[in-house]
Amino acid sequence: MKIFLDSANIEQIRQAKALGAIEGVTTNPSLLAREKGDWKKIVRQICKEIDGPVSVEVLATDSVAMLAEARDIVKIAPNVIVKVPVTLEGLKTIAVLRERGVETNATLVFSPNQALLAAKAGASFVSPFVGRLDDIGQDGMQVIEDIMTIFRNYDLPSQVLAASIRHTNHFFQAALLGADAATVPLSVLLDLVKHPLTDIGLAKFLADWSAKE
Ligand code: E4P
């Protein structure tokens, strides 16, 4: 499973990169809005830092304007990919971008049917939002499992990117189901490393070593 960082903060991205585990970055308008300065400069900086795909979302809601934004977004760097919400206009946009050879990440996916349509339109990545489904009392991970099954049934080439990952168990379950990628906030990435037995074991090794005669 590829690991992407869900952040637009360059310091967080550098911190995650130093762990050697990050293969891409996902941003969204909310994440970019938190950062000071020109968003294109921020994205350019992120794309220099990370070799893999960096998702940048369109803000327009109609296909013509989405495509105009996408034209600007892809000029920022060769590894930028266009994030498009799965609406009727978004699907049209993904289909046109596929014809133009532009990589896309279909975002705000909350059902297997939306995922199937995004895959048919030619999205490179399809991003089901696990945490937001859990927030409304649904089982986000079940949606990942269903999408994985459907994509396997029909040999669909779109990659499933588990998004809105809120804790380490989401990450683990996504990996167990065979999700192609998961995007995680830095806090979750750091939590993945932690285990109390590692800390206890390390403390014991150090104590035993310092008691050595
Ligand atoms: C994914 O691409 C989104 O940016 C992200 O995972 C949303 O996560 P949230 O529901 O925690 O905001």
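Fair warning: this is a prediction, and the values are worked out from it, not measured in the lab. Every number for a ligand or one of its atoms is a count from 1 in the order of the listing.
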For Ala163, the ligand 1 atoms whose distance to one of its heavy atoms is below 4.0 Å
1 (C), 6 (O)
On a heavy-atom basis, the closest approach of Ala16 and Leu186 is CB-CD1, 4.0 Å
Lys/Arg-Asp/Glu bridge criterion (N-O < 4.0 Å) met for Lys212, Asp208:
no
Which of the atoms of ligand 1 are close to Lys83, meaning less than 4.0 Å from one of its heavy atoms?
1 (C), 2 (O), 3 (C), 4 (O)
Presence of salt bridge, Lys194 and Asp199, under 4.0 angstrom
no
May I ask you to decide if Ser55's main-chain N or O and Asn105's side chain share a donor-acceptor pair within less than 3.5 Å?
no
Output the list of atoms in ligand 1 that are nearer than 4.0 Å to some heavy atom of Asn28, sorted by atom number.
3 (C), 4 (O)
Heavy atom of the protein closest to atom 11 (O) of ligand 1 (residue, atom name, distance):
Arg166 NE, 3.2 Å
Can you pull out the closest protein heavy atom to atom 8 (O) of ligand 1? Residue, atom name and distance to 0.1 Å, please.
Ser164 CA, 3.4 Å
Hey, is ligand 1 close enough to Asp6 that some N/O pair sits below 3.5 Å?
yes
Part of Ser127 with heavy atoms under 4.0 Å of ligand 1, whether side chain, backbone, both or neither:
neither
Any atoms of ligand 1 less than 4.0 Å from a non-hydrogen atom of Arg132? List them with their elements.
7 (C), 9 (P), 10 (O), 12 (O)
Does atom CG of Asp51 have more than 12 heavy-atom neighbours, drawn from other residues, nucleotides or ligands, at distances under 6.0 Å?
no
For Leu88, look at atom CG and say whether over 12 heavy atoms of other residues, nucleotides or ligands are found less than 6.0 Å away.
no
